[in-house]
Amino acid sequence: LVDAMPLLKTAAVSDVTVQAEVAQSRPNLNTKGEAYIDDFESSERPESLSVFRTRWKPASPPEVIGLNSTSRGRTIWYNPFDRVRRADIWPGQEDQVEAQENLTDVLAIEVTAGDDASETWGGITTAWSGGIRDFSKSKFLEVWLRGEEGTLHIDLGAIDEDVNEDGVRNTEDWPFPGRATGDGLVSPEEDIGIDGRNDRAELDYYLTVAVDKVDTSGLSQDQKEQQFRSLSEYEGRDPKDPEGDNFDFDDRDRNDTSHINGTEGNLRSPGGQKPDTEDLNNDGILNTSNDYFHHVIRIADDPEVPGSRSPAGWRLFRLRLYDSAVERVGKPDSSRIEYGRLVLVSPPGASGQRSIEIAKIEIIGNEWQEDDIEVLEGGLPVGEQENFNITTVGTDENLSYRPPPKVKVRQRTTGSRALEREQSLVLEYENLEPDHQASATRILTKNTDYTKYTRLRMWVNGEEEDLAYVVDQDSSELEVFVRF
């Protein structure tokens with residue numbers, strides 16, 4: 001079969017191995033004469049951006065925030081070898097995961113600021129696996145992170161792939177003669193990094209483009225390196241790797257990740273068999289359009305979701321995807337989201353290294369969809385400040401959540417010590433005016449006969465500080481209704 005492919009000739013019998021994993025939650029909702037219409041355990045529809053290092057590549061300059069390539073700091077991203085206990089991030093999962101499932105990978109990002117007083121940034125970009133996604137019905141961007149300083153910018157949409165702004169689709173996959181593409185694999189000769197230069201070529205290049213241009217003709221390699229060291233504009237750079245793109249990682253010193261993102265000489269590293277390229281979506285062209293939604297988290301100042309901060313410093317930030325406060329660059333389309341970009345900016349005047357760790361990045365939708373706010377008889381028109389959103393809260397990710405009374409959280413499986421997750425739907429409203437009605441609808445996926453059932457029961461809890469619900473009294477300023 002392989003021999004039938006152009007330009008390929010095998011010398012041995014081919015062996016194809018396919019591996020896959022499937023995870024599905026299918027709770028039994030109908031037991032003991034009770035028919036559960038919805039227990040809200042699976043109402044949330046999350047779509048995750050990967051936290052694995054090899055899925056991310058250097059980002060193009062985020063000029064929307066006034067920063068360009070000259071203010072880019074040294075950026076390192078990696079997965080710490082010592083994985084993090086899930087219960088350190090989500091203490092509520094202490095009793096919900098088996099011992100063998102108790103560790104998880106996180107993505108660490110480190111940016112080293114320059115010595116001047118200007119802001120320094122570092123960024124990484126990824127493309128959604130499986131291609132363009134439709135998030136037009138999703139509502140929130142949720143980020144679980146640990147860090148104390150800096151500003152995290154998150155872009156979603158169509159994002160420029162041109163990292164070095166040269167207008168060329170830089171790739172290690174050299175094209176075949178007469179063709180625009182190669183074989184999709186990396187040979188030792190091709191493994192010289194996205195810049196297309198080995199270390200000697202890099203040295204010649206930087207000497208010739210220096211402010212005080214150096215004529216390299218007739219110079220030995222040692223003389224070239226001495227000239228490079230004498231140039232103040234290249235202070236701190238290694239003349240044996242002027243671009244700083246060499247891969248190096250030693251399993252005997254797993255805490256040294258300073259060169260783990262190098263694209264030159266990484267053929268034998270995990271994922272190194274694929275060509276390093278600016279073409280993140282592998283469509284064969286350099287995409288330079290910028291049409292995306294721009295979100296901002298001011299790590300030191302912005303509030304996290306109440307009840308989400310763990311003793312270890314992890315917390316959840318929840319941002320609305322498309323409200324009026326979200327900046328739009330170009331003409332983004334929520335039904336055509338292909339790229340994600342993370343940019344960490346150090347505070348002005350800061351020096352040294354700034355770092356954050358990210359445990360999860362998710363686009364959140366819900367089986368329950370918000371209806372438009374409705375004006376009842378006698379009500380005024382809907383105001384610009386009125387908002388209504390559907391979210392969830394559960395025992396797995398929120399320390400302040402308590403299950404409804406008489407609801408017993410069961411074991412995940414017989415004989416297991418791990419408990420099931422218990423989750424509720426949250427109807428979140430802001431500035432809802434008198435005689436205005438906010439509602440959410442879910443369309444059931446199959447027809448079911450409930451004619452033999454006589455009562456409908458639902459647990460409802462309102463925050464007393466908002467006067468949304470007062471137990472055992474009819475003094476609430478809100479009315480909760482169910483249409484079924």
* Decide, yes or no, whether a salt bridge links E47 with R133 under the criterion of side-chain N to carboxylate O below 4.0 Å. => yes
* Asked: Would you call R298 and D301 a salt bridge, taking side-chain N to carboxylate O under 4.0 Å as the test?
  -> no
* Return the orientation label for the H153 and H294 ring planes: parallel under 30°, perpendicular over 60°, tilted otherwise. => parallel
* Asked: So, are E202 and R237 salt-bridged, with charged N and O less than 4.0 Å apart?
  -> no
* Asked: Can a donor-acceptor pair be found between the side chains of S258 and R74 at a distance below 3.5 Å?
  -> no
* To do: Determine, for D105 against R83, whether the closest basic-nitrogen to carboxylate-oxygen distance falls under 4.0 angstrom.
  => yes
* Return yes when atom OH of Y205 has more than 12 non-hydrogen atoms of other residues, nucleotides or ligands closer than 6.0 Å, and no otherwise. => no
* Once you round to the nearest 0.5 Å, how far does CG of L321 lie from CG of L156? -> 7.0 Å
* Structure fact -> For F293, the ring pair (Phe, Tyr, Trp, His ring centres under 6.0 Å) test, sequence neighbours excluded, returns Y322
* Structure fact -> Between the CG atom in N246 and the CG atom in D238, the distance rounded to the nearest 0.5 Å is 8.0 Å
* Ion pair present between R320 and E142, side-chain N to carboxylate O less than 4.0 angstrom? -> no
* **Any pair counted as side chain to side chain donor-acceptor pair (under 3.5 Å), so long as it reaches residues 362-371, sequence neighbours left out** => D38-W368, S48-E362, D371-S439, D371-T441
* Asked: For N389 and Y429, what are the C-alpha separation, side-chain angles and deciding distance, and is it a side chain to side chain donor-acceptor pair (under 3.5 Å)?
  -> CA-CA 6 Å; N389 291 290; Y429 61 90; over 6 Å; no
* Identify whether the distance between the nearest side-chain nitrogen and carboxylate oxygen of E149 and R354 falls below 4.0 Å. => yes
* Asked: So, do I356 and L152 sit near enough that their side-chain heavy atoms are less than 4.5 Å apart?
  -> yes
* Should the heavy atoms of other residues, nucleotides or ligands under 6.0 Å from CD of Q385 be counted, would the total exceed 12? -> no
* To do: Can you sort out the partners of R252 under salt bridge (charged side-chain N to carboxylate O under 4.0 Å, His left out), two or more places apart, ordered by chain and number?
  => D250
* Using a 4.5 Å cut-off on heavy atoms from C-beta on, say whether the side chain of I358 contacts that of V106. => no
* To do: Tell me whether the guanidinium CZ or amine NZ of R53 lies under 6.0 angstrom from the six-membered ring centre of Y78 and within 45° of its axis.
  => no
* Asked: What distance separates D195 CG from T263 OG1, expressed to the nearest 0.5 Å?
  -> 6.5 Å
